[in-house]
There are 2 protein chains.
Amino acid sequence: METTRTLPRRPRGRPARNGLDYADTRALLIRRGLEILTTQGVSATALDDVLKSINVPKGSFYHYFASKDAFVAVTVDTYAEYFARKLKQHFHNPLLTPLARLAAFVDDACHGVERHAFKRGCLVGNLGQEVSALDERLRLRLEAIFSDWEQALADCLSAAASSDELATDADCPALAHAFWVGWEGAILRARLSRSTAPMRAFFKLFLSALPRPRAFLP
Amino acid sequence: METTRTLPRRPRGRPARNGLDYADTRALLIRRGLEILTTQGVSATALDDVLKSINVPKGSFYHYFASKDAFVAVTVDTYAEYFARKLKQHFHNPLLTPLARLAAFVDDACHGVERHAFKRGCLVGNLGQEVSALDERLRLRLEAIFSDWEQALADCLSAAASSDELATDADCPALAHAFWVGWEGAILRARLSRSTAPMRAFFKLFLSALPRPRAFLP
DNA sequence: TGATATATTAGACCGAGCGTTTATAAATGT
DNA sequence: ACATTTATAAACGCTCGGTCTAATATATCA
(Lines give C-alpha, C1' and ligand atoms only; values in the text may rest on other atoms or scores of the structure.)
Protein backbone atom coordinates (compact mmCIF):
# COMPACT_ATOMS: atom_id res chain seq x y z
CA MET A 1 0.00 0.00 0.00
CA GLU A 2 1.22 3.45 -0.94
CA THR A 3 1.82 5.23 2.33
CA THR A 4 3.91 8.20 1.12
CA ARG A 5 0.95 9.99 -0.46
CA THR A 6 -0.57 12.47 1.90
CA LEU A 7 -3.98 12.59 0.22
CA PRO A 8 -5.74 9.83 -1.67
CA ARG A 9 -5.98 10.95 -5.28
CA ARG A 10 -9.17 10.26 -7.13
CA PRO A 11 -8.35 7.62 -9.74
CA ARG A 12 -9.47 7.84 -13.36
CA GLY A 13 -12.58 6.09 -14.53
CA ARG A 14 -16.14 5.81 -13.42
CA PRO A 15 -16.46 5.78 -9.60
CA ALA A 16 -18.06 2.73 -7.99
CA ARG A 17 -21.71 3.10 -7.03
CA ASN A 18 -21.00 2.02 -3.46
CA GLY A 19 -18.22 4.55 -3.03
CA LEU A 20 -15.55 1.91 -2.46
CA ASP A 21 -12.43 1.46 -4.53
CA TYR A 22 -11.49 -1.59 -6.59
CA ALA A 23 -9.78 -3.54 -3.83
CA ASP A 24 -12.49 -2.80 -1.27
CA THR A 25 -15.32 -3.81 -3.58
CA ARG A 26 -13.52 -6.96 -4.58
CA ALA A 27 -12.86 -7.88 -0.95
CA LEU A 28 -16.49 -7.21 -0.10
CA LEU A 29 -17.62 -9.51 -2.90
CA ILE A 30 -15.33 -12.24 -1.68
CA ARG A 31 -16.40 -11.94 1.94
CA ARG A 32 -20.09 -11.92 1.14
CA GLY A 33 -19.66 -14.69 -1.38
CA LEU A 34 -17.92 -16.76 1.27
CA GLU A 35 -20.80 -16.29 3.66
CA ILE A 36 -23.44 -17.27 1.14
CA LEU A 37 -21.53 -20.19 -0.36
CA THR A 38 -20.88 -21.55 3.12
CA THR A 39 -24.61 -21.40 3.78
CA GLN A 40 -26.06 -22.78 0.58
CA GLY A 41 -23.33 -24.08 -1.68
CA VAL A 42 -22.64 -23.25 -5.32
CA SER A 43 -25.46 -24.74 -7.35
CA ALA A 44 -28.13 -23.19 -5.16
CA THR A 45 -26.49 -19.77 -5.19
CA ALA A 46 -27.10 -17.28 -7.97
CA LEU A 47 -24.68 -14.42 -8.50
CA ASP A 48 -27.54 -12.05 -7.81
CA ASP A 49 -27.84 -13.50 -4.31
CA VAL A 50 -24.42 -12.08 -3.57
CA LEU A 51 -24.61 -8.94 -5.68
CA LYS A 52 -27.94 -7.63 -4.48
CA SER A 53 -27.01 -8.14 -0.86
CA ILE A 54 -24.06 -5.75 -1.19
CA ASN A 55 -25.40 -3.44 -3.88
CA VAL A 56 -22.90 -4.37 -6.58
CA PRO A 57 -24.23 -4.38 -10.15
CA LYS A 58 -23.98 -7.47 -12.32
CA GLY A 59 -21.75 -5.76 -14.84
CA SER A 60 -19.34 -4.80 -12.08
CA PHE A 61 -19.00 -8.37 -11.01
CA TYR A 62 -17.40 -9.32 -14.31
CA HIS A 63 -15.06 -6.41 -13.93
CA TYR A 64 -13.55 -8.09 -10.87
CA PHE A 65 -13.95 -11.77 -11.78
CA ALA A 66 -13.78 -13.61 -15.06
CA SER A 67 -16.69 -15.89 -14.21
CA LYS A 68 -18.72 -17.40 -11.41
CA ASP A 69 -16.32 -20.35 -11.25
CA ALA A 70 -13.35 -18.02 -10.93
CA PHE A 71 -15.14 -16.25 -8.10
CA VAL A 72 -15.85 -19.52 -6.31
CA ALA A 73 -12.21 -20.54 -6.62
CA VAL A 74 -11.07 -17.27 -5.06
CA THR A 75 -13.51 -17.61 -2.19
CA VAL A 76 -12.22 -21.13 -1.53
CA ASP A 77 -8.65 -19.87 -1.36
CA THR A 78 -9.66 -17.06 0.95
CA TYR A 79 -11.50 -19.47 3.21
CA ALA A 80 -8.51 -21.79 3.27
CA GLU A 81 -6.21 -18.95 4.34
CA TYR A 82 -8.59 -17.80 7.03
CA PHE A 83 -9.05 -21.32 8.36
CA ALA A 84 -5.34 -22.09 8.28
CA ARG A 85 -4.74 -19.07 10.49
CA LYS A 86 -7.47 -20.18 12.86
CA LEU A 87 -6.00 -23.69 13.10
CA LYS A 88 -2.54 -22.26 13.72
CA GLN A 89 -3.85 -20.08 16.52
CA HIS A 90 -5.57 -23.02 18.13
CA PHE A 91 -2.92 -25.68 17.61
CA HIS A 92 -0.05 -23.45 18.70
CA ASN A 93 -1.72 -21.99 21.80
CA PRO A 94 1.04 -22.04 24.41
CA LEU A 95 -1.46 -21.77 27.26
CA LEU A 96 -2.97 -25.19 26.54
CA THR A 97 -1.70 -28.73 26.19
CA PRO A 98 -1.92 -30.16 22.67
CA LEU A 99 -5.12 -32.12 23.31
CA ALA A 100 -6.66 -29.16 25.12
CA ARG A 101 -5.88 -27.12 22.02
CA LEU A 102 -7.94 -29.52 19.92
CA ALA A 103 -10.74 -29.40 22.49
CA ALA A 104 -10.66 -25.60 22.36
CA PHE A 105 -10.90 -25.72 18.57
CA VAL A 106 -13.94 -28.00 18.79
CA ASP A 107 -15.50 -25.69 21.35
CA ASP A 108 -14.85 -22.68 19.18
CA ALA A 109 -16.35 -24.46 16.18
CA CYS A 110 -19.47 -25.36 18.16
CA HIS A 111 -19.91 -21.75 19.19
CA GLY A 112 -19.36 -20.66 15.61
CA VAL A 113 -22.06 -22.91 14.24
CA GLU A 114 -24.45 -21.83 16.99
CA ARG A 115 -23.66 -18.18 16.37
CA HIS A 116 -24.79 -18.60 12.79
CA ALA A 117 -27.96 -20.44 13.81
CA PHE A 118 -26.67 -23.65 12.22
CA LYS A 119 -26.99 -22.13 8.78
CA ARG A 120 -23.32 -22.08 7.96
CA GLY A 121 -21.24 -25.15 7.55
CA CYS A 122 -17.74 -25.58 6.25
CA LEU A 123 -17.19 -24.14 2.80
CA VAL A 124 -14.82 -26.92 1.84
CA GLY A 125 -17.20 -29.61 3.02
CA ASN A 126 -20.14 -27.96 1.28
CA LEU A 127 -18.28 -27.76 -1.99
CA GLY A 128 -16.90 -31.23 -1.49
CA GLN A 129 -20.46 -32.49 -1.47
CA GLU A 130 -21.06 -30.86 -4.85
CA VAL A 131 -18.03 -32.62 -6.27
CA SER A 132 -19.93 -33.87 -9.30
CA ALA A 133 -20.43 -30.28 -10.44
CA LEU A 134 -16.88 -29.10 -9.80
CA ASP A 135 -14.07 -28.87 -12.27
CA GLU A 136 -10.99 -30.97 -11.66
CA ARG A 137 -8.81 -28.11 -10.47
CA LEU A 138 -11.28 -27.18 -7.75
CA ARG A 139 -11.63 -30.79 -6.67
CA LEU A 140 -7.85 -31.03 -6.32
CA ARG A 141 -7.76 -27.73 -4.44
CA LEU A 142 -10.30 -28.99 -1.92
CA GLU A 143 -8.26 -32.15 -1.42
CA ALA A 144 -5.12 -30.10 -0.88
CA ILE A 145 -6.88 -27.98 1.72
CA PHE A 146 -7.99 -31.04 3.64
CA SER A 147 -4.41 -32.30 3.49
CA ASP A 148 -3.18 -29.03 4.98
CA TRP A 149 -5.67 -29.30 7.80
CA GLU A 150 -4.62 -32.90 8.44
CA GLN A 151 -1.00 -31.90 8.56
CA ALA A 152 -1.74 -29.12 11.04
CA LEU A 153 -3.56 -31.53 13.33
CA ALA A 154 -0.95 -34.26 12.91
CA ASP A 155 1.67 -31.81 14.17
CA CYS A 156 -0.49 -31.01 17.15
CA LEU A 157 -0.98 -34.70 17.92
CA SER A 158 2.77 -35.27 17.61
CA ALA A 159 3.22 -32.61 20.25
CA ALA A 160 0.70 -34.49 22.36
CA ALA A 161 2.74 -37.67 21.98
CA SER A 162 5.89 -35.80 22.94
CA SER A 163 4.27 -34.44 26.07
CA ASP A 164 2.91 -37.79 27.19
CA GLU A 165 -0.71 -37.06 26.35
CA LEU A 166 -0.60 -39.76 23.68
CA ALA A 167 1.29 -43.00 23.28
CA THR A 168 4.65 -42.31 21.69
CA ASP A 169 3.86 -44.73 18.88
CA ALA A 170 0.53 -43.07 17.97
CA ASP A 171 -0.04 -42.83 14.22
CA CYS A 172 -0.63 -39.08 14.23
CA PRO A 173 -1.18 -38.61 10.49
CA ALA A 174 -3.76 -41.37 10.40
CA LEU A 175 -5.55 -40.01 13.47
CA ALA A 176 -5.55 -36.51 12.02
CA HIS A 177 -6.96 -37.85 8.74
CA ALA A 178 -9.73 -39.69 10.55
CA PHE A 179 -10.56 -36.61 12.58
CA TRP A 180 -11.18 -34.41 9.55
CA VAL A 181 -13.05 -37.20 7.77
CA GLY A 182 -15.52 -37.54 10.63
CA TRP A 183 -15.57 -33.82 11.39
CA GLU A 184 -17.14 -32.97 8.04
CA GLY A 185 -19.95 -35.36 8.81
CA ALA A 186 -20.31 -33.76 12.22
CA ILE A 187 -20.73 -30.33 10.65
CA LEU A 188 -23.31 -31.69 8.22
CA ARG A 189 -25.37 -33.29 10.94
CA ALA A 190 -25.09 -30.23 13.17
CA ARG A 191 -26.66 -28.14 10.43
CA LEU A 192 -29.33 -30.71 9.72
CA SER A 193 -30.33 -31.22 13.35
CA ARG A 194 -29.60 -27.62 14.42
CA SER A 195 -27.57 -28.86 17.31
CA THR A 196 -23.89 -29.11 18.22
CA ALA A 197 -24.53 -32.57 19.69
CA PRO A 198 -23.16 -34.40 16.61
CA MET A 199 -19.95 -32.37 16.79
CA ARG A 200 -19.48 -33.12 20.46
CA ALA A 201 -20.42 -36.76 19.95
CA PHE A 202 -17.86 -37.16 17.22
CA PHE A 203 -15.18 -35.46 19.29
CA LYS A 204 -15.94 -37.77 22.20
CA LEU A 205 -15.55 -40.76 19.91
CA PHE A 206 -12.28 -39.38 18.62
CA LEU A 207 -10.89 -38.93 22.14
CA SER A 208 -11.93 -42.48 23.03
CA ALA A 209 -9.96 -43.76 20.05
CA LEU A 210 -6.74 -41.99 20.95
CA PRO A 211 -3.96 -44.32 22.10
CA ARG A 212 -3.00 -43.19 25.53
CA PRO A 213 0.42 -43.62 27.12
CA ARG A 214 0.83 -46.99 28.74
CA ALA A 215 0.90 -47.21 32.51
CA PHE A 216 3.97 -48.72 34.14
CA LEU A 217 4.44 -52.29 33.09
CA PRO A 218 4.54 -54.73 36.01
CA MET B 1 -52.64 -54.72 -5.18
CA GLU B 2 -55.26 -56.67 -7.08
CA THR B 3 -54.16 -60.28 -7.00
CA THR B 4 -57.37 -62.06 -8.06
CA ARG B 5 -56.95 -61.18 -11.72
CA THR B 6 -55.26 -63.97 -13.56
CA LEU B 7 -54.04 -61.84 -16.43
CA PRO B 8 -53.04 -58.21 -16.37
CA ARG B 9 -55.76 -56.38 -18.26
CA ARG B 10 -54.73 -53.60 -20.54
CA PRO B 11 -56.49 -50.49 -19.22
CA ARG B 12 -58.29 -48.01 -21.45
CA GLY B 13 -56.39 -44.95 -22.47
CA ARG B 14 -53.27 -44.12 -24.37
CA PRO B 15 -50.40 -46.51 -23.66
CA ALA B 16 -47.12 -45.10 -22.40
CA ARG B 17 -44.50 -44.35 -25.06
CA ASN B 18 -41.97 -46.68 -23.47
CA GLY B 19 -44.38 -49.58 -23.40
CA LEU B 20 -44.50 -49.78 -19.62
CA ASP B 21 -47.63 -49.32 -17.60
CA TYR B 22 -48.30 -46.67 -14.97
CA ALA B 23 -46.64 -48.40 -12.07
CA ASP B 24 -43.60 -49.36 -14.15
CA THR B 25 -43.03 -45.88 -15.51
CA ARG B 26 -43.42 -44.34 -12.09
CA ALA B 27 -40.97 -46.83 -10.58
CA LEU B 28 -38.52 -46.17 -13.39
CA LEU B 29 -38.71 -42.43 -12.73
CA ILE B 30 -38.07 -42.98 -9.06
CA ARG B 31 -35.16 -45.33 -9.62
CA ARG B 32 -33.47 -43.11 -12.15
CA GLY B 33 -34.16 -40.05 -10.08
CA LEU B 34 -32.54 -41.76 -7.12
CA GLU B 35 -29.43 -42.48 -9.13
CA ILE B 36 -29.07 -38.95 -10.39
CA LEU B 37 -29.90 -37.24 -7.10
CA THR B 38 -27.39 -39.45 -5.29
CA THR B 39 -24.77 -38.36 -7.80
CA GLN B 40 -25.37 -34.65 -8.07
CA GLY B 41 -27.94 -33.54 -5.53
CA VAL B 42 -31.13 -31.55 -6.05
CA SER B 43 -30.08 -28.04 -7.01
CA ALA B 44 -27.75 -29.25 -9.74
CA THR B 45 -30.31 -31.65 -11.20
CA ALA B 46 -32.89 -30.55 -13.75
CA LEU B 47 -36.02 -32.61 -14.33
CA ASP B 48 -34.95 -33.05 -17.92
CA ASP B 49 -31.80 -34.78 -16.71
CA VAL B 50 -34.00 -37.58 -15.42
CA LEU B 51 -36.70 -37.51 -18.07
CA LYS B 52 -34.48 -37.54 -21.13
CA SER B 53 -32.37 -40.36 -19.78
CA ILE B 54 -35.42 -42.67 -19.64
CA ASN B 55 -37.44 -41.27 -22.53
CA VAL B 56 -40.35 -40.01 -20.45
CA PRO B 57 -42.01 -36.80 -21.69
CA LYS B 58 -42.40 -33.76 -19.43
CA GLY B 59 -46.16 -34.03 -19.58
CA SER B 60 -45.97 -37.54 -18.25
CA PHE B 61 -43.84 -36.55 -15.32
CA TYR B 62 -46.55 -34.25 -14.00
CA HIS B 63 -49.02 -37.04 -14.49
CA TYR B 64 -47.16 -39.11 -11.90
CA PHE B 65 -45.82 -36.37 -9.57
CA ALA B 66 -47.25 -33.09 -8.41
CA SER B 67 -43.90 -31.27 -8.54
CA LYS B 68 -40.14 -31.68 -8.47
CA ASP B 69 -40.17 -31.41 -4.67
CA ALA B 70 -42.81 -34.13 -4.43
CA PHE B 71 -40.63 -36.30 -6.64
CA VAL B 72 -37.56 -35.68 -4.48
CA ALA B 73 -39.52 -36.57 -1.35
CA VAL B 74 -40.62 -39.87 -2.86
CA THR B 75 -37.09 -40.74 -3.93
CA VAL B 76 -35.87 -40.06 -0.40
CA ASP B 77 -38.51 -42.41 1.05
CA THR B 78 -37.62 -45.06 -1.48
CA TYR B 79 -33.94 -44.75 -0.66
CA ALA B 80 -34.69 -44.96 3.04
CA GLU B 81 -36.66 -48.18 2.54
CA TYR B 82 -33.96 -49.72 0.39
CA PHE B 83 -31.23 -48.78 2.86
CA ALA B 84 -33.21 -49.98 5.87
CA ARG B 85 -33.47 -53.40 4.22
CA LYS B 86 -29.76 -53.41 3.51
CA LEU B 87 -28.95 -52.53 7.12
CA LYS B 88 -31.28 -55.23 8.36
CA GLN B 89 -29.62 -57.81 6.14
CA HIS B 90 -26.19 -56.82 7.39
CA PHE B 91 -26.97 -56.28 11.05
CA HIS B 92 -28.98 -59.49 11.39
CA ASN B 93 -26.62 -61.76 9.52
CA PRO B 94 -26.56 -64.94 11.61
CA LEU B 95 -23.32 -66.10 10.06
CA LEU B 96 -21.33 -63.21 11.55
CA THR B 97 -20.74 -61.78 15.01
CA PRO B 98 -22.28 -58.34 15.56
CA LEU B 99 -19.03 -56.42 15.03
CA ALA B 100 -18.22 -58.55 12.00
CA ARG B 101 -21.63 -57.58 10.64
CA LEU B 102 -20.69 -53.91 10.88
CA ALA B 103 -17.36 -54.64 9.22
CA ALA B 104 -19.17 -56.43 6.42
CA PHE B 105 -21.45 -53.43 5.96
CA VAL B 106 -18.45 -51.12 5.71
CA ASP B 107 -16.84 -53.47 3.21
CA ASP B 108 -20.00 -53.63 1.16
CA ALA B 109 -20.27 -49.82 1.21
CA CYS B 110 -16.67 -49.48 0.06
CA HIS B 111 -17.34 -51.82 -2.85
CA GLY B 112 -20.51 -49.94 -3.67
CA VAL B 113 -18.76 -46.59 -3.85
CA GLU B 114 -15.98 -48.11 -5.97
CA ARG B 115 -18.50 -49.80 -8.25
CA HIS B 116 -19.97 -46.40 -9.05
CA ALA B 117 -16.55 -44.85 -9.63
CA PHE B 118 -16.94 -42.67 -6.55
CA LYS B 119 -19.69 -40.68 -8.26
CA ARG B 120 -22.48 -41.75 -5.98
CA GLY B 121 -22.64 -40.86 -2.36
CA CYS B 122 -25.41 -41.23 0.12
CA LEU B 123 -28.66 -39.60 -0.95
CA VAL B 124 -29.50 -38.58 2.60
CA GLY B 125 -26.06 -37.09 3.16
CA ASN B 126 -26.17 -35.28 -0.17
CA LEU B 127 -29.52 -33.76 0.56
CA GLY B 128 -28.48 -33.05 4.12
CA GLN B 129 -25.75 -30.84 2.74
CA GLU B 130 -28.34 -28.88 0.78
CA VAL B 131 -30.30 -28.31 3.97
CA SER B 132 -30.56 -24.56 3.37
CA ALA B 133 -32.61 -25.23 0.26
CA LEU B 134 -34.90 -27.88 1.75
CA ASP B 135 -38.34 -27.42 3.14
CA GLU B 136 -38.89 -28.22 6.80
CA ARG B 137 -40.68 -31.48 6.21
CA LEU B 138 -37.84 -32.88 4.16
CA ARG B 139 -35.28 -31.75 6.75
CA LEU B 140 -37.26 -33.58 9.44
CA ARG B 141 -37.57 -36.62 7.21
CA LEU B 142 -33.80 -36.76 6.74
CA GLU B 143 -33.30 -36.50 10.49
CA ALA B 144 -35.78 -39.30 11.07
CA ILE B 145 -33.95 -41.50 8.58
CA PHE B 146 -30.64 -40.94 10.35
CA SER B 147 -32.37 -41.82 13.63
CA ASP B 148 -33.60 -45.07 12.13
CA TRP B 149 -30.11 -45.95 10.99
CA GLU B 150 -28.73 -45.13 14.43
CA GLN B 151 -31.32 -47.33 16.07
CA ALA B 152 -30.46 -50.21 13.74
CA LEU B 153 -26.79 -49.93 14.59
CA ALA B 154 -27.43 -49.44 18.32
CA ASP B 155 -29.30 -52.76 18.32
CA CYS B 156 -26.38 -54.42 16.59
CA LEU B 157 -23.95 -52.97 19.12
CA SER B 158 -26.19 -54.13 21.97
CA ALA B 159 -25.93 -57.61 20.55
CA ALA B 160 -22.15 -57.15 20.53
CA ALA B 161 -22.24 -56.21 24.21
CA SER B 162 -24.37 -59.26 24.96
CA SER B 163 -21.92 -61.54 23.21
CA ASP B 164 -18.89 -60.13 24.93
CA GLU B 165 -17.55 -58.26 21.94
CA LEU B 166 -18.15 -54.98 23.76
CA ALA B 167 -18.12 -53.94 27.40
CA THR B 168 -21.52 -54.56 28.90
CA ASP B 169 -21.82 -50.92 29.90
CA ALA B 170 -21.10 -49.57 26.41
CA ASP B 171 -23.32 -46.64 25.46
CA CYS B 172 -24.61 -48.22 22.27
CA PRO B 173 -26.95 -45.41 21.17
CA ALA B 174 -24.18 -42.82 21.56
CA LEU B 175 -21.71 -45.00 19.67
CA ALA B 176 -24.20 -45.62 16.89
CA HIS B 177 -24.90 -41.89 16.64
CA ALA B 178 -21.19 -41.11 16.40
CA PHE B 179 -20.72 -43.77 13.74
CA TRP B 180 -23.32 -42.30 11.39
CA VAL B 181 -22.09 -38.76 12.08
CA GLY B 182 -18.59 -39.64 11.00
CA TRP B 183 -19.69 -41.99 8.26
CA GLU B 184 -21.32 -39.21 6.27
CA GLY B 185 -18.02 -37.37 6.30
CA ALA B 186 -16.28 -40.55 5.20
CA ILE B 187 -18.59 -40.88 2.19
CA LEU B 188 -18.02 -37.24 1.28
CA ARG B 189 -14.26 -37.57 1.42
CA ALA B 190 -14.33 -40.85 -0.48
CA ARG B 191 -16.09 -39.14 -3.36
CA LEU B 192 -13.79 -36.16 -3.23
CA SER B 193 -10.57 -38.18 -3.16
CA ARG B 194 -11.93 -41.05 -5.26
CA SER B 195 -10.72 -43.54 -2.70
CA THR B 196 -12.26 -45.72 -0.03
CA ALA B 197 -9.36 -44.84 2.29
CA PRO B 198 -11.38 -42.26 4.25
CA MET B 199 -14.14 -44.82 4.86
CA ARG B 200 -11.69 -47.40 6.09
CA ALA B 201 -9.82 -44.81 8.15
CA PHE B 202 -12.99 -43.71 9.84
CA PHE B 203 -14.03 -47.29 10.54
CA LYS B 204 -10.63 -48.01 12.08
CA LEU B 205 -11.04 -45.00 14.36
CA PHE B 206 -14.49 -46.17 15.30
CA LEU B 207 -13.25 -49.65 16.24
CA SER B 208 -10.46 -48.11 18.31
CA ALA B 209 -13.02 -46.13 20.25
CA LEU B 210 -15.19 -49.09 21.13
CA PRO B 211 -15.11 -50.05 24.79
CA ARG B 212 -13.95 -53.62 24.94
CA PRO B 213 -14.80 -56.11 27.67
CA ARG B 214 -12.49 -55.81 30.65
CA ALA B 215 -9.93 -58.52 31.24
CA PHE B 216 -9.93 -60.29 34.57
CA LEU B 217 -9.24 -57.92 37.38
CA PRO B 218 -6.24 -58.80 39.55
C1' DT C 1 -69.54 -49.81 -36.40
C1' DG C 2 -69.43 -45.57 -34.32
C1' DA C 3 -69.55 -43.15 -30.00
C1' DT C 4 -67.64 -42.62 -25.75
C1' DA C 5 -64.40 -43.02 -21.87
C1' DT C 6 -59.96 -43.13 -20.22
C1' DA C 7 -54.94 -42.64 -19.85
C1' DT C 8 -50.88 -40.70 -21.55
C1' DT C 9 -48.36 -37.74 -24.54
C1' DA C 10 -46.90 -33.55 -27.05
C1' DG C 11 -43.68 -30.35 -26.47
C1' DA C 12 -44.55 -25.56 -27.32
C1' DC C 13 -45.21 -22.20 -24.26
C1' DC C 14 -44.82 -19.40 -20.08
C1' DG C 15 -42.49 -16.27 -16.95
C1' DA C 16 -38.66 -16.14 -14.30
C1' DG C 17 -34.01 -16.73 -13.55
C1' DC C 18 -29.35 -17.72 -14.99
C1' DG C 19 -24.30 -16.48 -16.32
C1' DT C 20 -22.15 -13.79 -19.66
C1' DT C 21 -21.48 -10.10 -23.16
C1' DT C 22 -21.90 -5.64 -25.11
C1' DA C 23 -22.87 -0.85 -25.11
C1' DT C 24 -22.76 3.07 -22.40
C1' DA C 25 -21.75 6.33 -18.52
C1' DA C 26 -18.67 8.80 -15.76
C1' DA C 27 -14.50 9.99 -14.63
C1' DT C 28 -9.33 11.92 -15.63
C1' DG C 29 -5.28 13.03 -18.74
C1' DT C 30 -3.45 15.24 -22.71
C1' DA D 1 -12.27 17.67 -27.93
C1' DC D 2 -10.65 13.35 -27.85
C1' DA D 3 -8.37 9.23 -25.80
C1' DT D 4 -8.22 6.32 -22.15
C1' DT D 5 -9.66 4.16 -17.92
C1' DT D 6 -12.96 2.27 -14.74
C1' DA D 7 -17.56 0.92 -13.56
C1' DT D 8 -22.29 0.04 -14.74
C1' DA D 9 -26.77 -0.77 -17.33
C1' DA D 10 -28.96 -3.39 -20.26
C1' DA D 11 -29.29 -6.93 -23.45
C1' DC D 12 -28.49 -11.58 -24.75
C1' DG D 13 -29.28 -16.46 -25.26
C1' DC D 14 -30.15 -20.12 -22.73
C1' DT D 15 -32.14 -23.07 -18.95
C1' DC D 16 -35.37 -23.80 -15.53
C1' DG D 17 -39.83 -25.77 -13.33
C1' DG D 18 -44.22 -25.88 -14.37
C1' DT D 19 -48.63 -25.48 -17.39
C1' DC D 20 -51.69 -26.61 -20.81
C1' DT D 21 -55.17 -29.01 -23.29
C1' DA D 22 -55.72 -30.85 -27.73
C1' DA D 23 -54.13 -34.91 -29.71
C1' DT D 24 -53.52 -39.61 -29.61
C1' DA D 25 -54.14 -44.43 -28.68
C1' DT D 26 -56.30 -47.59 -26.63
C1' DA D 27 -60.67 -50.25 -24.51
C1' DT D 28 -65.52 -50.34 -23.58
C1' DC D 29 -70.27 -49.50 -24.57
C1' DA D 30 -74.56 -49.27 -27.16
Side-chain angles (χ1 to χ4, degrees), chain A residues 5 7-30 32-33 36-37 40-75 130 133-135 138, chain B residues 2 5 7-29 32-33 36-37 40-75 130 133-135 138:
Chain A
R5 290 159 60 185
L7 290 174
R9 186 166 55 199
R10 171 76 190 91
R12 290 168 84 164
R14 182 171 177 167
R17 180 163 80 186
N18 59 22
L20 300 175
D21 65 19
Y22 179 100
D24 290 337
T25 303
R26 188 173 189 279
L28 185 61
L29 280 162
I30 293 169
R32 191 70 181 120
I36 295 183
L37 291 171
Q40 47 191 73
V42 178
S43 299
T45 296
L47 285 176
D48 261 359
D49 294 332
V50 179
L51 302 179
K52 285 188 163 127
S53 74
I54 53 176
N55 198 29
V56 170
K58 177 74 75 75
S60 290
F61 175 85
Y62 286 93
H63 175 62
Y64 300 104
F65 300 101
S67 67
K68 182 183 180 185
D69 282 348
F71 176 62
V72 169
V74 169
T75 62
E130 294 188 66
L134 303 181
D135 70 32
L138 189 49
Chain B
E2 193 69 84
R5 288 158 60 185
L7 290 173
R9 188 167 54 197
R10 172 74 192 95
R12 289 163 86 162
R14 182 172 179 167
R17 177 162 81 187
N18 57 21
L20 302 174
D21 65 20
Y22 179 102
D24 291 336
T25 303
R26 188 175 190 278
L28 183 62
L29 279 163
R32 189 69 180 123
I36 294 182
L37 290 171
Q40 49 191 71
V42 177
S43 299
T45 297
L47 285 177
D48 261 358
D49 292 334
V50 180
L51 303 179
K52 284 185 163 131
S53 74
I54 52 175
N55 199 29
V56 169
K58 178 74 74 74
S60 290
F61 175 85
Y62 286 94
H63 178 67
Y64 300 107
F65 300 101
S67 67
K68 182 182 181 185
D69 282 348
F71 177 62
V72 168
V74 169
T75 62
E130 295 187 65
L134 302 181
D135 71 32
L138 189 49

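Residue numbers start from 1 in every chain, and the chains themselves are labelled A, B, ... in the order their sequence lines are given, proteins ahead of strands.
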Is there a donor-acceptor contact under 3.5 Å from the side chain of A:D135 to the main chain of A:L138? yes
Does the ring center of A:Y22 lie less than 6.0 Å from the ring center of A:Y64? yes
Across the strands shown, which category fits A:Y22 at heavy-atom distances under 4.0 angstrom: base, sugar-phosphate, nothing? sugar-phosphate
Regarding B:S43, tell me which of base, sugar-phosphate or nothing describes its non-hydrogen contacts under 4.0 Å with the strands shown.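 The residue B:S43 makes no contact with any strand.
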Roughly, in whole Å, what's the span from [atom1] in [X] to [atom2] in [N]?
X     : N      : atom1 : atom2 : result
B:K52 : C:dA10 : NZ    : P     : 13 Å
A:L47 : C:dG17 : CG    : C1'   : 12 Å
A:I36 : C:dC18 : CD1   : P     : 12 Å
A:Y62 : D:dT6  : OH    : C1'   : 18 Å
A:L51 : C:dT20 : CG    : P     : 12 Å
B:F61 : D:dC16 : CZ    : C1'   : 13 Å
A:Q40 : C:dC18 : CD    : P     : 10 Å
B:D48 : C:dA10 : CG    : P     : 13 Å

Please report the shortest heavy-atom distance between [X] and [Y], naming the atom on each side.
X     : Y      : value
A:V42 : A:E130 : N-OE2, 2.7 Å
A:V50 : A:G33  : CG1-N, 4.0 Å
B:V72 : B:L37  : CG2-CD1, 4.1 Å

What is the per-nucleotide protein-contact pattern of nucleotides 22-30 of chain C, from the 5' end, where B denotes a base atom under 4.0 Å from a protein heavy atom, S denotes such proximity for sugar-phosphate atoms only, and - denotes neither? ---BBBBS-
Interface with DNA chain D, restricted to residues 64-72 of chain A and to heavy atoms under 4.0 Å: none
Heavy atoms from C-beta onward define the side chain here; which of D:dG17, C:dT20, C:dA7 lies closest to that of B:H63?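 For the B:H63 side chain, the nearest candidate turns out to be C:dA7.
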Residue set satisfying side-chain contact (heavy atoms from CB on, under 4.5 Å) with A:R17, at least two apart, ordered chain then number -> A:N55, A:P57
